[in-house]
Amino acid sequence: MLRLHDTALGAVTEIVPREPGRLSIYVCGPTVYDVPHIGHGRQVLVYDILRRYLEWLGAEVVHVSNVTDIDDQIIRRAQEVGRPPDEVARHYEEVYWDALDRLGVLRPTVVPHATEYVADMVELIGELVARGVAYESSDGVYLSVEKVDGYGQLSHQPLQSLRAGARVEVDEAKRSPVDFALWKQAKPGEPAWPSPWGPGRPGWHTECVVMSLDLLGEDFDLHTGGLDLVFPHHENERAQAMALGRRFARHWMHHGFVEVAGEKMSKSLGNFTTLVDLLDRTDARAYRLLMLRSHYRSPIEVTPATIADAQSGLERLDALARRFELRVSPSGSAAPDPEAIERFTEAMDNDLDTPAAVAVIFELLRRANAAADAGESEHARRLAATVAELAGSLGLEVGQVGDDVDDESAALVERRDAARRARDFAAADALRDELTARGWVVEDGPQGTSIRR
RNA sequence: GGCGGCGUGGCCGAGUGGUUUAGGCAAGGGCCUGCAAAGCCCUCUACCCGGGUUCGAUUCCCGGCGCCGCCUCCA
């Protein structure tokens with residue numbers, strides 16, 4: 001049974017789904033005003049790994065992830081580049097999905113957009129106003145945080161401590177500095193939708209409430225996002241649902257940050273690498289393995305050194321796949337090792353302890369090679385198949401398609417084999433150098449020379 | 001100031017009140033190989049500091065030091 005760290009609870013707890021065998025998950029998606037950085041890459045990998053693992057266990061996963069396509073940042077960016085906001089949003093959303101496809105991340109089951117839900121949001125805000133929890137002000141509508149019992153319980157920030165927080169800006173329009181905007185009246189030139197409070201746009205915290213409840217229903221299983229969304233975003237979502245007396249997420253899960261030199265990577269610090277840049281120079285699987293090797297709640301350093309480290313590990317997996325001619329295939333092709341499967345699921349069930357799960361995979365890898373060296377081919381095959389099965393359950397595909405060998409290189413391989421048969425090692429070494437110069441890695445096996453990139 | 005987290009071997013990174021060890025990368029030695037590569041075997045073996053609890057603490061408690069995150073832009 002899967003156990004996860006629940007942010008509201010502050011502890012690891014058993015995840016009991018609303019409906020047995022069916023997990024409803026809402027993942028806070030991107031605001032599409034800029035290119036995604038590798039921190040976003042970590043986010044989507046964390047939830048891709050969770051989803052794939054659940055599906056591998058046999059659960060049905062309904063994975064909803066929103067796109068915020070109207071927001072202050074998008075408007076600002078649109079003004080900077082002199083384009084309409086919707087065009088800016090469409091552009092960056094396209095960049096986002098392209099990057100995710102390259103990362104090998106599954107698309108969500110449903111992708112709602114904020115702009116598709118404005119009418120529903122207006123309705124929800126209206127209910128909050130009718131209940132006296134929200135109020136209209138000079139520039140929009142705000143939620144009166146004091147009126148929500150239990151505000152601060154998700155982030156463990158008592159209201160008093162928030163009031164004391166010196167960073168809260170005093171805003172004339174708000175009755176209390178901790179109140180937050182549900183509806184923002186449009187300034188001239190800004191995109192606007194009709195509402196009882198004048199033309200404008202919804203505040204950020206409302207869309208996820210409306211969309212998650214609409215697509216997953218009350219009491220859905222899991223709401224997730226980055227640690228920085230705990231407060232205020234998720235706290236404020238929760239406040240709206242509670243103010244309406246609607247059951248919201250059963251569990252909350254938050255992941256840690258990608259760091260650079262010990263500091264959080266973020267747009268505001270400007271210390272980010274874009275996901276596209278990373279993918280241009282790194283095997284996407286190496287990035288996934290790098291993420292898998294640390295726990296999802298821990299900070300992680302992404303540097304050329306840590307990526308190279310993961311790449312080396314990945315190469316061992318690929319070498320195993322070559323040795324056993326493994327192909328990524330649906331489970332069942334070879335009977336996996338039950339004891340290893342058990343240790344693997346034990347690790348994963350323990351709050352997604354992927355480092356321990358990866359350790360199981362690498363131990364199997366070593367044992368598979370050792371068994372093959374000892375001539376125990378059946379046993380070795382079984383272990384190797386388990387490696388492919390378990391790695392695959394985390395979205396780590398080993399044994400991908402072979403390299404296309406051009407005719408000239410193939411001819412060089414043949415000449416090298418001939419030279420080696422003739423024990424003309426000087427010629428064989430020269431041919432190897434030639435192949436190396438063409439970018440091939442040359443390996444001699446029992447069946448002769450083989451090359452790969 | 002409030003709340004939360006972290007400090008493990010050359011590096012990354014799990015975990016545990018003691019007895020057998022995470023795992024990966026790197027390094028060194030060996031086996032294999034015509035030489036390599038790949039693979040296997042071996043070695044390097046640690047828990048920030050001080051106090052407490054305990055027969056015994058890296059693991060629990062208290063204090064300290066250092067680092068990080070959130071406190072309404074943020075994955």
* Within the structure shown, what part of the strands sits under 4.0 Å from A:Gly262 by heavy-atom distance: base, sugar-phosphate, or nothing? -> sugar-phosphate

* Is A:Asp48 salt-bridged to A:Arg52, going by a charged N under 4.0 Å from an acidic O? -> yes

* **Gap in Å between the two C1' atoms, one belonging to B:rC41 and one to B:rU19, rounded** => 26 Å

* Partner set under side chain to side chain contact (heavy atoms under 4.5 Å, CB included) for A:Asp429, not counting sequence neighbours -> A:Arg416, A:Arg432

* Base, sugar-phosphate, or nothing for A:Lys267, non-hydrogen atoms under 4.0 angstrom? -> nothing

* Asked: Taking the side chain of A:Ser268 as heavy atoms from C-beta outward, which of B:rU72, B:rC73, B:rA75 is closest to it?
  -> B:rC73

Between the protein and nucleotides 33-35 of chain B, list the N/O to N/O atom pairs that are separated by less than 3.5 angstrom.
residue: B:rG34; atom: O6; partner: A:Arg420; partner atom: NE; Å: 3.4
residue: B:rG34; atom: N1; partner: A:Asp429; partner atom: OD1; Å: 2.9
residue: B:rG34; atom: N2; partner: A:Asp429; partner atom: OD1; Å: 3.3
residue: B:rG34; atom: N2; partner: A:Asp429; partner atom: OD2; Å: 2.7
residue: B:rC35; atom: O2; partner: A:Arg432; partner atom: NH2; Å: 2.4
residue: B:rC35; atom: N3; partner: A:Arg432; partner atom: NH1; Å: 3.1
residue: B:rC35; atom: N3; partner: A:Arg432; partner atom: NH2; Å: 3.4
residue: B:rC35; atom: N4; partner: A:Asp444; partner atom: OD2; Å: 2.9

* Under 4.0 Å from any atom of RNA chain B, heavy atoms only: list the residues of residues 220-227 of chain A that qualify, in numerical order. => A:Gly225, A:Gly226

* Does any nucleotide pair with B:rG63 by Watson-Crick or G-U wobble geometry, both distances under 3.5 Å, and what is it? -> B:rC49

* Asked: Base, sugar-phosphate, or nothing: which does A:Val442 touch, judged by heavy atoms less than 4.0 Å apart?
  -> base

* **Euclidean distance, atom CG of residue A:Asp34 to atom P of B:rA75 [Å, nearest integer]** => 10 Å

* B:rC25 and B:rU20, which share atom name P, separated by this distance in whole Å -> 26 Å

* Would you classify A:Gly256 as touching base, sugar-phosphate or nothing, given that sugar-phosphate means primed atoms plus P, OP1 and OP2, and contacts are heavy atoms under 4.0 Å? => base

* **Base-pairing assignment for B:rG34 (Watson-Crick or G-U wobble, both under 3.5 Å)** => none

* Under a 3.5 Å limit for both distances, which nucleotide forms a Watson-Crick or G-U wobble pair with B:rG23, could you say? => B:rC12

* Asked: Where the side chain of A:Leu365 is concerned, which of B:rC70, B:rA14, B:rC40 is the nearest nucleotide?
  -> B:rC40

* Taking the C1' atom of each, how far is B:rC48 from B:rC67, in whole Å? -> 11 Å

* **Within 6.0 angstrom of A:Arg83 CZ, more than 12 heavy atoms from elsewhere** => no

* Asked: Can you name the side-chain hydrogen bond (donor to acceptor under 3.5 Å, both in side chains) partners of A:Thr274, sequence neighbours left out?
  -> A:Asp277

* Whole Å only: how far is the CD atom of A:Glu259 from the P atom of B:rA75? -> 16 Å

* If pairing requires Watson-Crick or G-U wobble contacts with both distances under 3.5 Å, which nucleotide is the partner of B:rC44? -> none

* Hey, does A:Glu301 reach any base, or is it just sugar-phosphate, or nothing, if we go heavy atoms under 4.0 Å? -> nothing

* Asked: For A:Arg367, which residues count as a side-chain hydrogen bond (donor to acceptor under 3.5 Å, both in side chains) partner, sequence neighbours excluded?
  -> none

* Asked: What integer distance in Å separates A:Arg367:CZ from B:rC40:C1'?
  -> 15 Å

* Rounded to the Å, how far apart are A:Ile300 CD1 and B:rG69 P? -> 16 Å

* Is the A:Tyr151 ring parallel, tilted or perpendicular to the A:Phe180 ring (thresholds 30°, 60°)? -> parallel

* Asked: With a 3.5 Å cut-off and just heavy-atom distances, do the side chain of A:His295 and the base of B:rA14 make a donor-acceptor pair?
  -> no

* Asked: Can you tell which of B:rC71, B:rA75, B:rA38 lies closest to the side chain of A:Arg452?
  -> B:rA38

* Structure fact -> Quick tally for nucleotides 20-31 of chain B: nucleotides whose base has a protein heavy atom under 4.0 Å get B, sugar-phosphate-only ones S, the rest -, giving --BSBSS-----

* Structure fact -> Quick note, A:Ser298 side chain, CB onward, closest among B:rC73, B:rA75, B:rA14 is B:rA14

* Using a cut-off of 4.0 Å on non-hydrogen atoms, how would the nucleic acid contact of A:His233 be classed: base, sugar-phosphate, or nothing? -> nothing

* Phosphate-side-chain proximity, A:Lys264 and B:rC70, N/O vs OP1/OP2 below 4.0 Å -> yes

* **Distance between C1' atoms of B:rA14 and B:rC6 (Å, rounded)** => 15 Å

* Asked: What is the distance from CG of A:Leu352 to C1' of B:rA14, rounded to the nearest Å?
  -> 14 Å

* side chain to side chain contact (heavy atoms under 4.5 Å, CB included) with A:Arg423: which residues, sequence neighbours excluded? -> A:Phe425

* **B:rC12 to B:rC47 separation - P atoms, rounded to the nearest Å** => 16 Å

* Taking atom C1' in both B:rG29 and B:rG34, what distance in whole Å separates the two? -> 22 Å

* State which residues pass side-chain hydrogen bond (donor to acceptor under 3.5 Å, both in side chains) with A:Lys264; sequence neighbours excluded, sorted by chain then number. => A:Asp228

* Go through the structure and list residues passing side-chain hydrogen bond (donor to acceptor under 3.5 Å, both in side chains) with A:Arg293, not counting sequence neighbours. => A:Asp309

* Structure fact -> Under a 3.5 Å limit on both distances, the Watson-Crick or wobble mate of B:rC70 is B:rG2

* Between B:rG10 and B:rU43, how far is it from one C1' atom to the other, in whole Å? -> 14 Å

* **NZ/NE/NH1/NH2 to OD/OE distance under 4.0 Å, A:Arg3 and A:Asp353** => no

* salt bridge (charged side-chain N to carboxylate O under 4.0 Å, His left out) involving A:Asp69 - partner list, sequence neighbours excluded -> none

* For A:Pro191, enumerate each residue passing the side chain to side chain contact (heavy atoms under 4.5 Å, CB included) test, keeping only those at least two apart in sequence or located in another chain. => A:Ile70, A:Ile75, A:Pro85, A:Trp193

* **Atom-pair distance (CE on A:Met253; P on B:rG4), nearest Å** => 21 Å

* **Side-chain N or O of A:His156 closer than 4.0 Å to phosphate OP1/OP2 of B:rC3** => no

* Paired with B:rU54: which nucleotide, if any, by Watson-Crick or G-U wobble criteria at under 3.5 Å for both distances? -> none

* Among all residues two or more places apart in sequence or in another chain, which pass the side chain to side chain contact (heavy atoms under 4.5 Å, CB included) test with A:Glu301? -> A:Glu259, A:Thr303

* **Residues A:Arg77, A:Glu80: salt bridge by 4.0 Å N-O rule** => yes

* Return the value, rounded to whole Å, for the distance between atom CH2 of A:Trp440 and atom C1' of B:rA38. => 17 Å

* Does A:Thr354 reach the main-chain N or O of A:Ala357 with its side chain, forming a donor-acceptor pair under 3.5 Å? -> no

* Asked: What distance, rounded to whole Å, do you find between the two P atoms, one in B:rC61 and one in B:rC68?
  -> 24 Å

* With a 3.5 Å cut-off and just heavy-atom distances, do the side chain of A:Gln157 and the base of B:rG4 make a donor-acceptor pair? -> no

